[in-house]
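Below is one structure, written out as structure tokens; comments come after it.
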Amino acid sequence: MPEFEFGLLGALTARVNGHDAPLGGLKPRRMLATFLLMPGEQLPLDRFIDVVWGAQPPKSASANLYSYVTVLRRALHGRLNRLRSGYVLHVKPGELDVQVFTDLLVEARSEAAAGHVADSLGAYDRALKLWRGEPLADIKGPPPWIPYIQKLIDTRLDALEERAALYVHNGQQNEAVAELRGLIAEHPLRESLWRQLMTALASAGQRAEAIDTYGRLRSTLADELGIEPSEESQQVHRKLLGAPTARSRHTDVRTAELKRRCTDMEAMVRAAAATLPVSAMSMTTPGQTDADIPAPDNPGAWLEDNVDDILALVRQAATAGLASSAWRLSAAMLPFLDFRMRLEDWRRCVRIALVAARKCGDTEGEATMLRSLGQWHIYHDHFEAAEECFNVARVLTRALGNERETALAVYGLGAVARFTGRTPEAASLFRDSANALHSIGDAYGESYARWALAGAFIELGNIDGAEEQLNTALKSARSVGDRHREGHVLERFAAVYRARGNDSEAISCLEDALEIFTELGDVPCTTGVKEALAV
């Protein structure tokens, strides 16, 4: 029987009888890595399309996947088996480094619970030595892998923290301090590392430095996220200062009150934002708000007057561990921040909510904030970062079954493709987004996507196709009273007419668009149309 060794904790490795298996090129290697991330699971071939090609697979994708599977089955000597619902890779105990790592952690934690510190440290050391680098470091990880790889990275960090705690318990403070400082340099927003470092320094008799460490944690969170350390970190700090550390009997009441305030404020913000020009940033279909919450008088001015207090509330919710409240309130604010181009507030708001959502395992919040962060990156020409955000959001929302969010993430990928000169790819992505939004009855989103598709068609010289898409977009926008998108569609119609040499119709469309943007108070769009009229 062949002997197998598989490795994910670093570069992908697959050895049979001590020799590297002939896996072929990048695509079959990505397929094998996916099987190893989900060993024993039956995976249909279409599961690999995102892994191998992303959002734009070739027409020959299915045929190509069959050929890659054939390469893997031959290389792995029958370990990769075909079943009715797909393929499964059988991995025996001790063959996959991830499984060995997990088993050793179980052993280490069991020994620690029994008070066998030396044996526990030995098991932790053996487990952590299995890591050769970042998981699958030799293969650029596609978005479907990201949740799995992040879980591995988090598990490793948990193990390192647990080992550091044992170092302190065993009188090895210097080892703990050195390791924790290195980890903090890599993961400065992981508060638990800072707490461990404070505890290790205090145990080593360096109380002043431990207190100073809290100050550096506070500065880091303030600079990066604009939030205060969590209650747990504050408790450690109070203990260092010799202050009472018992949790206040009013804490739960304060948390419940904060959650209620966030819910009420979110409803008010949504009601106000629903009066603004429609934005693709909206988490839910624009215009749909709680009928019991009327919009405030002069909604735009109300949002402007209260924006700092609302963002402070997002920070408070994140600090208190109310991840859902933080990201939902953040999402409610995004159409306003987008419309007013308050980009620094946008960045801080989204990053705070994203960190909170990830910390609490809130996948919906993570996906929503990633899509918003992708748009922020587009505004700053950070196209590679934007593409990664949209790709991960697309994978996460597809797994959640959220068709609207998936379609909007695909729209974001189309925008990146267009801005980076990949116009045919952009057109395909915009079409996919528009069709998906049409199928769920989202006329707001469909109008947005078809307007974008028309722009791609104009760049490609497909003027008839652009006109067809704009006619559909205009109908959709008017059906839901989306005046802002109507203005943009009319502005783009002008480009169609100019391409045909019909300047009078082009001017008429621009004048109609100017009237709409002026009425809505959209200064940047008004300026842009005036410049187009002056040409």
Got [X] and [Y] here, is their nearest side-chain heavy-atom distance under 4.5 Å?
X	Y	answer
R398	D50	yes
I149	L8	no
L201	R207	no
L490	L510	no
S324	D362	yes
L370	E366	yes
L240	Y214	no
L221	L217	yes

Set of residues satisfying side chain to side chain donor-acceptor pair (under 3.5 Å) with respect to T472, sequence neighbours excluded =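 Per chain and number, T472 pairs via side chain to side chain donor-acceptor pair (under 3.5 Å) with no residue.
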
Is it the case that the side chains of [Y] and [X] hold a donor-acceptor pair, with the cut-off being a distance below 3.5 Å and no angle test?
X	Y	answer
E228	T319	no
W145	T34	yes
S203	Q173	no
D338	W346	no
R216	T213	yes
T397	T406	yes
T220	W194	no

Between [Y] and [X], is the closest basic N to carboxylate O distance under 4.0 Å?
X	Y	result
R163	E179	yes
E266	R328	no
R340	D345	no
R190	D158	yes
K475	E486	no

Using the salt bridge (Lys or Arg N to Asp or Glu O under 4.0 Å) rule, pick out the option among E405, E387, E388 that qualifies with R371.
->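 With R371 as partner, E405, E387, E388 yield a single salt bridge (Lys or Arg N to Asp or Glu O under 4.0 Å), made by E405.
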
Separation between OG of S447 and CG of L470, rounded to the nearest 0.5 Å |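 Rounded to the nearest 0.5 Å, the OG-CG separation comes to 9.5 Å.
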
Rounded to the nearest 0.5 Å, how far apart are SG of C349 and CG of L373?
->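 Output value for this atom pair is 11.5 Å.
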
Should the pair R485 and Y448 be classed as cation-pi, given the thresholds of under 6.0 Å to the six-membered ring centre and 45° from the axis?
->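 Yes, a cation-pi geometry holds between R485 and Y448.
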
Sub-3.5 Å donor-acceptor pair from the side chain of W327 to the main-chain atoms of L354, do we have one?
->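 Pair absent, no side-chain N/O of W327 close to backbone of L354.
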
If you look at every heavy atom in [X] and [Y], which pair is closest and at what distance?
X	Y	value
G455	R418	O-NH2, 3.4 Å
L520	R483	CD1-C, 4.1 Å
F383	V416	O-CG1, 3.8 Å
S479	A443	OG-CB, 4.0 Å
A273	A332	CB-O, 4.0 Å
T526	D522	OG1-O, 2.7 Å

Evaluate whether atom [atom1] of [X] has more than 12 neighbouring non-hydrogen atoms of other residues, nucleotides or ligands under 6.0 angstrom away.
X	atom1	result
H169	NE2	no
E403	CD	no
R218	CZ	no
E384	CD	no
Y379	OH	yes

Dump the intermediate steps for side-chain contact (heavy atoms from CB on, under 4.5 Å) on R109 and Y124, then the final yes or no.
-> CA-CA 9 Å; R109 289 161 178 165; Y124 275 117; 3.4 Å; yes

Sequence-distant partners of A165, side chain to side chain contact (heavy atoms under 4.5 Å, CB included), two or more places apart =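 For A165 the side chain to side chain contact (heavy atoms under 4.5 Å, CB included) partners, ignoring immediate neighbours, are Q196.
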
Test V314 against R348 for side-chain contact (heavy atoms from CB on, under 4.5 Å), laying out the working first.
-> CA-CA 10 Å; V314 171; R348 284 183 176 273; over 6 Å; no

Quick one: are the ring centres of F517 and H488 less than 6.0 Å apart?
->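 Ring centres of H488 and F517 closer than 6.0 Å.
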
Sub-6.0 Å ring centroid separation between F101 and W131 |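 Judged by ring-centre distance (under 6.0 Å), F101 and W131 do meet the cut-off.
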
side-chain contact (heavy atoms from CB on, under 4.5 Å) between H438 and R450: does it pass, once the steps are laid out?
-> CA-CA 10 Å; H438 174 79; R450 294 202 183 279; 4.3 Å; yes

With side-chain contact (heavy atoms from CB on, under 4.5 Å) as the test, would you mind laying out the steps for S230 and R195 before giving the verdict?
-> CA-CA 10 Å; S230 66; R195 289 196 294 273; 3.5 Å; yes

Of N306, D308, L258, which meets side-chain contact (heavy atoms from CB on, under 4.5 Å) against L313?
->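 Of all the options given, the one that passes is L258.
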
